[in-house]
Amino acid sequence: MSQFWKPGTEKPRLLDDEEGGVLFFGASPSTSSGYGYSSMERQKQRLPVYKYRTPILYLVETHATTIIVGETGSGKTTQIPQYLKEAGWADGGRVIACTQPRRLAVQAVSSRVAEEMGVKLGEEVGYTIRFEDLTKNGVTMIKFLTDGVLLREMMDDPLLTKYSVIMVDEAHERSISTDILLGLLKKIQRRRPELRLIISSATIEAKSMSSFFQTSKRRREMEGKNLGPRMDPVILSVEGRGFNVQIHYVEEPVSNYIQSAVSTVLLVHDQEPMGDILVFLTGQDDIDAAVQLLTEEVQNRGKSSSGLTILPLYSGLPRAEQELVFAPTPRGKRKVVISTNIAETSLTLEGIVYVVDSGFSKQRFYNPISDIENLVVAPISKASARQRAGRAGRVRPGKCYRLYTEEYFVNEMSAEGIPEIQRSNLVSCVIQLKALGIDNILGFDWPASPSPEAMVRALEVLYSLGVLDDDAKLTSPAGFQVAEIPLDPMIAKMILSSSQLGCSEEIITIAAILSIQSIWVSSRGAQKELDEVKLRFAASEGDHVTFLNVYKGFLQSGKSSQWCYKNFVNYHAMKKVLEIREQLRRTAQRIGIVLKSCEGDMLVVRKAITAGFFANACHLEAYSHNGKYKTIRGSQEVYIHPSSVLFRVNPKWVIYHSLVSTDKQYMRNVISIDPSWLTEAAPHFYQHQRPPSMLH
DNA sequence: GAGCACTGC
């Protein structure tokens with residue numbers, strides 16, 4: 001297949017700077033003169049900071065909110081907290097908080113800042129992520145943390161009084177936590193005029209971010225009289241140090257992006273100077289297919305295409321294989337990494353000079369009517385496309401090959417992706433806001449409002465769990481306890497009930513296992529062996545009890561990695577289970593849940609699961625020969641997933657943990673129940689329907 | 001008898 005590349009006319013402004021290492025605070029709408037210093041030497045010397053000398057200090061002093069725009073590597077997260085600290089914003093017990101959406105980023109950025117400031121990480125500069133707190137009270141002045149941790153901190157300190165400046169990084173990614181946090185910070189600002197916010201975002205989102213923090217005119221006039229900080233946000237642009245990336249488009253739309261990606265890689269390999277290639281596809285299937293196709297093509301071509309190292313990359317890949325992509329490319333060789341979106345933000349590969357962008361990714365969509373989340377392949381946004389292209393310009397000028405036309409990019413591609421909050425189930429999010437005293441969820445000032453249907457559905461679910469009362473207020477103590485448990489509310493409710501049923505030790509194990517991806521090693525090749533090994537642990541009650549058997553075996557082996565290897569159990573996953581379980585034990589003790597084992601009585605364990613997941617009850621269709629179930633609530637047709645220990649067993653009544661929809665709706669992690677437990681666990685939920693016993 | 005974008009508390 002021949003492709004005709006057309007150089008693009010798009011010039012992403014922040015990718016134009018080829019000087020490298022230059023930090024420049026560009027002119028912004030309200031600083032007409034434009035402050036700045038732009039020499040690499042001066043930056044290296046760590047400029048002394050005088051009051052108002054740098055624009056960021058001036059802006060933070062005079063404006064309640066500053067929005068910083070700039071690409072990765074521009075120094076926002078490393079320089080700005082330092083400036084603030086040196087200018088005294090962290091004095092008198094006040095701390096500067098900087099949030100990141102990912103744990104790894106928190107660790108990486110905090111250690112870089114500590115190093116640049118010449119302090120030990122955990123002292124003046126520290127970080128907090130789940131399971132890890134590297135801060136010292138009274139000593140730590142700059143604290144990095146995930147936005148999720150900051151939200152949890154608000155449950156004890158709703159106004160975040162210990163922080164004088166809060167910087168929210170990567171706000172353009174619009175994760176659920178970031179959006180909730182931004183909404184809450186806007187509220188806090190009204191109560192704490194002295195608080196300063198710094199929102200760091202990519203260019204395209206800056207304007208909408210700015211208008212979000214724009215307070216009403218009347219309010220501004222009132223504040224103007226007090227001579228307080230200006231409440232209208234200011235935008236500051238920081239030039240990045242990324243190298244120029246030349247964009248190429250296809251002249252005609254491609255029909256098969258896998259095939260097209262493979263030909264593009266070969267084209268680059270034949271015609272372009274050395275440098276590694278990063279290909280963005282959508283998922284494991286695509287990637288495996290592309291790796292195979294590329295390998296075959298290389299073999300067919302013989303000599304001319306030798307010297308290629310082809311590596312897949314996705315989160316489900318065993319850790320050892322994932323590490324391979326970080327190995328430096330040997331001289332004279334070229335590395336091709338074929339990746340999911342994981343390489344767009346979560347992982348950074350050094351040495352990439354060429355990017356091939358399929359223009360697609362897998363995205364989650366939520367249907368509040370059916371209450372089902374789906375994963376679908378969908379076109380990416382312009383923002384994503386730019387982020388992908390930027391991956392080619394980290395070490396030297398690069399090239400990005402887009403497998404779509406320029407016309408498509410300019411006219412059809414949406415500017416930004418749909419924020420996660422508009423694509424998700426909202427139960428966790430709603431209970432968190434309730435716990436923070438936000439009663440009017442529908443009237444909450446979101447950076448992007450979720451659909452009313454999704455909010456109503458979340459309220460319904462929480463009401464049915466007994467976590468919200470008739471006035472949609474948190475119940476006491478159940479509602480507050482569920483909000484304190486850092487897991488999905490249905491899981492939290494299950495834990496709460498286990499306290500009364502006397503099986504909390506077992507249930508927190510199940511809760512921990514359900515909240516990680518999978519405890520089994522991923523094994524597409526060795527599926528049969530895995531299935532056989534699973535039988536060793538299989539329990540007739542279902543998957544949850546099977547998990548308990550695996551956990552028991554793991555403990556009896558002395559938490560041995562050898563044991564895991566022999567039993568197709570993922571050792572790293574089990575370590576994580578232990579960590580989550582430990583956190584749940586501590587939380588349970590704090591909120592008054594009795595930790596007790598039921599000593600093998602699986603009846604109460606199943607009852608506790610029912611108490612959290614009664615909404616997922618299903619009944620086997622009478623005379624069904626193919627294992628067809630119907631959900632009690634929506635009468636949807638569902639089937640037990642072949643990976644379940646109850647596959648082909650088909651008990652009359654089951655409860656599932658989650659649904660996965662492909663050609664059919666499959667129930668994953670299934671347990672058999674007695675229908676009388678449903679009315680027992682949730683009389684409200686089932687009272688207006690025919691009693692389950694009548695159905696059969 | 002089939003499948004899992006990616007985070008996070």
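In what follows, every chain begins at residue 1, and chains take the letters A, B, ... in the order their sequences are listed.
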Passes side chain to side chain donor-acceptor pair (under 3.5 Å), E621(A) versus Y629(A)? Steps please. CA-CA 5 Å; E621(A) 285 273 278; Y629(A) 284 79; over 6 Å; no
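- The residue among R423(A) and P486(A) whose nearest nucleotide of DNA chain B lies closer to the 5′ end is R423(A).
- R103(A) comes within contact range of the sugar-phosphate backbone alone, with a heavy-atom separation under 4.0 Å but no base atom that close.
- Per the geometry, CD belonging to Q322(A) stands 13 Å off P belonging to dA5(B), to the nearest Å.
- Considering only the side chain of P642(A), dG1(B) comes nearest among dA5(B), dG1(B), dG3(B).
- Between the CD atom of Q100(A) and the P atom of dT7(B) there is a distance of 15 Å, given to the nearest Å.
- Between the side chain of N626(A) and the base of dG1(B), no donor-acceptor pair of N or O atoms lies under 3.5 Å.
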Take R585(A) and E505(A) through the test salt bridge (Lys or Arg N to Asp or Glu O under 4.0 Å) and record every step on the way to the result. CA-CA 8 Å; R585(A) 278 181 69 102; E505(A) 290 281 3; 3.2 Å; yes
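- Taking atom CZ on R648(A) and atom C1' on dA2(B), their separation rounds to 11 Å, with Å as the unit.
- Among the protein residues, D531(A) comes within range of the nucleic acid bases, having at least one heavy atom under 4.0 Å from a base atom.
- For the pair R586(A) CZ and dC9(B) C1', the computed distance is 12 Å after rounding to whole Å.
- The listed nucleotides are dG8(B), dC6(B), dC9(B); the one nearest the side chain of R152(A) is dC9(B).
- Residue contacts shown for R102(A) are limited to sugar-phosphate atoms, with no base heavy atom under 4.0 Å away.
- At whole-Å resolution of the value, CD1 in I129(A) and P in dT7(B) are 14 Å apart.
- Counting non-hydrogen atoms under 4.0 angstrom, L487(A) reaches a base of the nucleic acid.
- Counting non-hydrogen atoms under 4.0 angstrom, S177(A) reaches nothing in the nucleic acid.
- The residue D663(A) sits close only to the backbone: its heavy atoms come under 4.0 Å of sugar-phosphate atoms, none of a base.
- Backbone-only engagement by I342(A) is indicated by non-hydrogen atom pairs under 4.0 Å involving sugar-phosphate atoms exclusively.
- Residue T146(A) has a polar side-chain atom (N or O) positioned under 4.0 Å from OP1 or OP2 of dC9(B).
- Using a 4.0 Å heavy-atom cutoff across all strands shown, S315(A) reaches sugar-phosphate atoms only and no base atom.
- Using a 4.0 Å heavy-atom criterion, one finds that T340(A) contacts the sugar-phosphate atoms exclusively.
- Separating the OH atom of Y666(A) from the P atom of dC4(B) is a distance of 11 Å, rounded to the nearest angstrom.
- Here T146(A) contributes atom OG1 and R152(A) contributes atom CZ; the two are 11.0 Å apart, rounded to the nearest 0.5 Å.
- Of the candidate nucleotides dC4(B), dG8(B), dT7(B), dT7(B) has the atom nearest to the side chain of S346(A).
- The CD atom of E173(A) sits 9.5 Å away from atom CG of D147(A), with the distance rounded to the nearest 0.5 Å.
- Whole-Å rounding puts the L317(A) CG to dC6(B) P distance at 10 Å.
- T662(A) comes within 4.0 angstrom of the backbone, heavy atoms only, and of no base.
- When the salt bridge (Lys or Arg N to Asp or Glu O under 4.0 Å) test is applied to R388(A), the partners found at least two apart in sequence or on another chain are E344(A), D357(A).
- E420(A) comes within contact range of no nucleotide atom at all, as no heavy-atom separation falls under 4.0 Å.
- The CD1-C1' distance, from I640(A) to dA2(B), rounds to 14 Å in whole Å.
- When the nearest nucleotides of DNA chain B are assigned to G283(A) and L104(A) by heavy-atom distance, the more 5′-ward of the two goes with G283(A).
- F568(A) does not carry K534(A) over the face of its six-membered ring by the limits of under 6.0 Å from the centre and within 45° of the normal.
- When heavy atoms are screened at a 4.0 angstrom cut-off, V377(A) is found touching no nucleic acid atom at all.
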